[in-house]
Amino acid sequence: MSSPLRFDRAHTDDLMTFLAASPSPYHAVANAAARLAEAGFRQVEETAAWDGSAGGKYVLRGGAIVAWYVPEGAEAHTPFRIAGAHTDSPNLRVKPLPDTGAHGWRQIAVEVYGGTLLNTWLDRDLGLAGRISLRDGTHRLVNIDRALLRVPQLAVHLDRSANTEGLKLDRQKHMQPIWGLGDVEEGDLIRFVAEEAGVDAEDVTGWDLMPHAIEPPSYLGRDRELVAGPRMDNLLSVHAATAALAAVAGLPDADIPYIPVFAAFDHEENGSQSDTGADGPLLGSVLERSVFARGGTYEDRARAFAGTVCLSSDTGHAVHPNYAERHDPTHHPVANGGPILKVNVNMRYATDGSGRAVFAAACEKAGVPWQSFVSNNAMPCGTTIGPITAARHGIQTVDIGVAILSMHSARELCGADDPYLLANALTAFLAG
């Protein structure tokens with residue numbers, strides 16, 4: 001089923017550019033910040049005093065970003081409209097002692113991050129990206145975007161049961177990538193990464209590095225109505241929310257009744273419990289400081305939070321044609337059917353009836369079709385930053401997203417129209 005709205009693919013083309021340029025949460029945050037800077041936003045440091053001036057501002061912390069736009073004349077108790085997302089994706093992460101190997105093969109020691117589909121990392125050409133921390137306290141982004149690593153699968157001749165009994169992978173033994181031949185040399189990987197980054201290896205005192213599939217995103221299908229690419233969960237939402245906030249900031253201030261906010265957190269895939277995760281204090285601190293910088297009191301803060309709504313945007317499950325029985329029989333979200341409203345009465349998603357009405361109004365305003373998602377009662381339900389945001393900050397939160405296939409794969413699949421439809425819905429929501 002295709003969306004009744006047809007358009008050129010400029011937004012989806014730009015999404016694919018964003019995905020390719022964002023192989024780590026740190027790159028995603030830097031790219032989102034650069035786009036907001038082009039729209040007139042300016043970075044503020046958490047260690048500096050903030051002023052209450054109008055305009056767009058953003059805070060960066062590791063793999064997280066919080067950005068907001070204060071319209072001229074906004075009062076201290078003006079509520080916020082928040083588009084929330086996360087920057088991390090399930091993958092492999094380089095260990096503190098990365099140099100390993102056996103039997104003449106040089107390998108990289110990695111740890112499995114989040115609930116990744118392990119088999120999707122096999123026999124892929126992998127690059128290496130992330131950040132390195134230097135002795136002077138600064139950080140440097142690194143993106144080695146060429147065929148450097150590979151996790152080789154065992155040949156079928158040596159595992160005759162792989163196609164009959166299923167592939168069995170040991171997370172420790174079978175997922176270590178190879179990157180060459182020869183003896184293992186301690187410090188070899190970091191020396192190589194430092195050289196690629198143009199710094200002295202002796203100055204590198206820490207690293208957060210991760211392999212990534214180097215195959216670029218692409219349109220798929222006879223009519224190019226699908227998009228395949230990495231890290232759609234959840235950079236698709238990060239890209240849409242960035243575009244939405246920039247669009248709202250371009251409206252006349254008199255037409256913006258709320259303070260629109262974009263918040264993208266790290267570590268959602270492993271519970272959000274970090275200083276850059278949704279279960280940390282970052283969002284609350286930024287919102288409170290914004291209120292106080294405009295001369296507000298705790299009473300103003302309480303009033304602003306009471307009127308605030310957050311759309312937690314994360315990918316969800318499209319009905320799978322080969323496994324339809326795994327889905328709820330009456331809720332079958334389809335690609336290009338518009339964004340989905342995610343509901344779970346046990347509050348794995350934060351949506352309730354009131355939140356449904358907020359989302360429906362935004363989609364109606366934007367002229368965007370939307371769908372409902374609920375899990376099969378016999379299947380466990382995933383979760384998002386939504387319930388965490390609602391509980392931690394006491395603000396109304398609604399879980400939404402785009403329906404995809406192959407979630408948590410190294411390469412995921414969505415409808416080519418849906419990213420554009422999501423961005424339009426988020427724009428209408430942030431604009432009030």
Side-chain angles (χ1 to χ4, degrees), residues 20 23-27 88-133 140-216 228 230-231 269-270 406 408-412:
S24 78
Y26 315 106
H27 289 83
D88 60 319
S89 301
N91 61 6
L92 308 175
R93 303 286 176 102
V94 175
K95 289 183 175 180
L97 300 176
D99 300 294
T100 187
H103 305 290
W105 295 98
R106 293 160 65 199
Q107 294 175 276
I108 303 302
V110 297
E111 192 172 4
V112 177
Y113 177 84
T116 188
L117 283 169
L118 296 178
N119 65 293
T120 66
W121 289 89
L122 303 179
D123 297 335
R124 287 186 183 272
D125 294 339
L126 304 174
L128 191 68
R131 69 175 182 179
I132 53 177
S133 301
R140 187 73 60 89
L141 294 182
V142 177
N143 183 9
I144 305 170
D145 197 31
R146 64 178 186 272
L148 180 68
L149 309 170
R150 184 181 177 93
V151 184
Q153 187 171 184
L154 186 64
V156 70
H157 312 78
L158 304 178
D159 185 9
R160 297 287 185 179
S161 65
N163 290 330
T164 56
E165 298 178 14
L167 180 65
K168 295 179 176 62
L169 294 172
D170 184 292
R171 293 158 68 93
Q172 178 64 34
K173 293 170 57 178
H174 300 151
M175 297 308 297
Q176 311 308 313
I178 61 171
W179 76 309
L181 300 171
D183 297 329
V184 177
E185 298 181 27
E186 185 177 350
D188 198 20
L189 177 68
I190 299 308
R191 283 192 293 271
F192 170 76
V193 170
E195 182 179 357
E196 290 286 322
V199 301
D200 191 326
E202 296 299 319
D203 289 333
V204 179
T205 55
W207 52 87
D208 301 281
L209 299 170
M210 56 205 74
H212 65 277
I214 63 171
E215 183 182 3
R231 300 176 294 279
E269 297 294 355
N270 59 14
S406 305
H408 287 196
S409 169
R411 193 169 178 86
E412 297 162 324

Note to self: Could you report the tightest heavy-atom contact between Ser406 and Arg411, atom names first, then the distance?
What the structure shows: CB-O, 3.8 Å
Ignoring hydrogens and angles, write down the donor-acceptor pairs under 3.5 Å from the side chains of residues 143-156, residues two or more places apart or on other chains.
from, atom 1, to, atom 2, distance (Å)
Asp145, OD1, His212, NE2, 3.0
Arg146, NH1, Glu196, OE1, 3.3
Arg146, NH2, Glu196, OE2, 2.9
Gln153, NE2, Asp123, OD2, 3.4

Note to self: Apply side chain to side chain donor-acceptor pair (under 3.5 Å) to residues Thr205 and Asp203 and explain how you reach the verdict.
What the structure shows: CA-CA 6 Å; Thr205 55; Asp203 289 333; over 6 Å; no
Check: When you measure from the side chain of Arg140 to the backbone N and O of Val199, does any donor-acceptor pair fall under 3.5 Å?
Finding: no
Item checked: Pairs satisfying ring pair (Phe, Tyr, Trp, His ring centres under 6.0 Å), at least one member in residues 163-187, at least two apart -> Trp179-Phe192
Check: Do the non-hydrogen side-chain atoms of Trp121 and Thr116 ever get within less than 4.5 Å of each other?
Finding: yes
Notebook entry, point to check: Hey, what do you get for CG (Leu128) to CD1 (Ile214), rounding to the nearest 0.5 Å?
Noted result: 12.0 Å
Note to self: With heavy-atom distances below 4.5 Å as the criterion, would you say the side chains of Met210 and Ser89 are in contact?
What the structure shows: no
Notebook entry, point to check: Is there a side chain to side chain contact (heavy atoms under 4.5 Å, CB included) between Ile190 and Ile132 once you walk through the steps?
Noted result: CA-CA 9 Å; Ile190 299 308; Ile132 53 177; 5.8 Å; no
Margin query: Looking at every non-hydrogen atom in both residues, tell me the closest pair between Ala197 and Val142 and how far apart they are.
Written below: CB-CG2, 4.0 Å
Margin query: Taking the side chain as everything from C-beta on, heavy atoms only, tell me whether Val204 gets closer than 4.5 Å to Val193.
Written below: no
Item checked: Check: Leu92 and Val112 side chains under 4.5 Å, non-hydrogen atoms -> yes
Notebook entry, point to check: Taking all non-hydrogen atoms of both residues, which atom of Pro211 and which atom of Asn91 are closest, and how far apart?
Noted result: O-ND2, 4.5 Å
Checklist line | Minimal non-hydrogen separation, Ala129 against Pro23, with atom names | finding: CB-CG, 3.5 Å
Notebook entry, point to check: Hey, what do you get for CG (Asn119) to CZ (Arg124), rounding to the nearest 0.5 Å?
Noted result: 9.0 Å
Check: So with a 6.0 Å cut-off around CG of Asp170, is the heavy-atom count from everything else above 12?
Finding: yes
Next item on the list: Quick one: closest heavy-atom pair of Gly114 and Arg171, and the distance?
Entry: O-NH2, 4.4 Å
Item checked: Value rounded to 0.5 Å, distance of CG in Asp159 from CG in Leu167 -> 7.0 Å
Next item on the list: Check whether any side-chain heavy atom of Gln176 sits under 4.5 Å from a side-chain heavy atom of Ile108, and report yes or no.
Entry: no
Notebook entry, point to check: What are the two closest heavy atoms between Arg93 and Pro25, and how far apart are they?
Noted result: NH2-CG, 4.3 Å
Check: Can you list every pair that meets side-chain hydrogen bond (donor to acceptor under 3.5 Å, both in side chains) and has a residue in residues 96-114, with sequence neighbours left out?
Finding: Asp88-Tyr113, Arg106-Asp188
Next item on the list: Verify, without hydrogens or angle tests, whether Arg131 (side chain) and His27 (backbone) share a donor-acceptor contact under 3.5 angstrom.
Entry: no
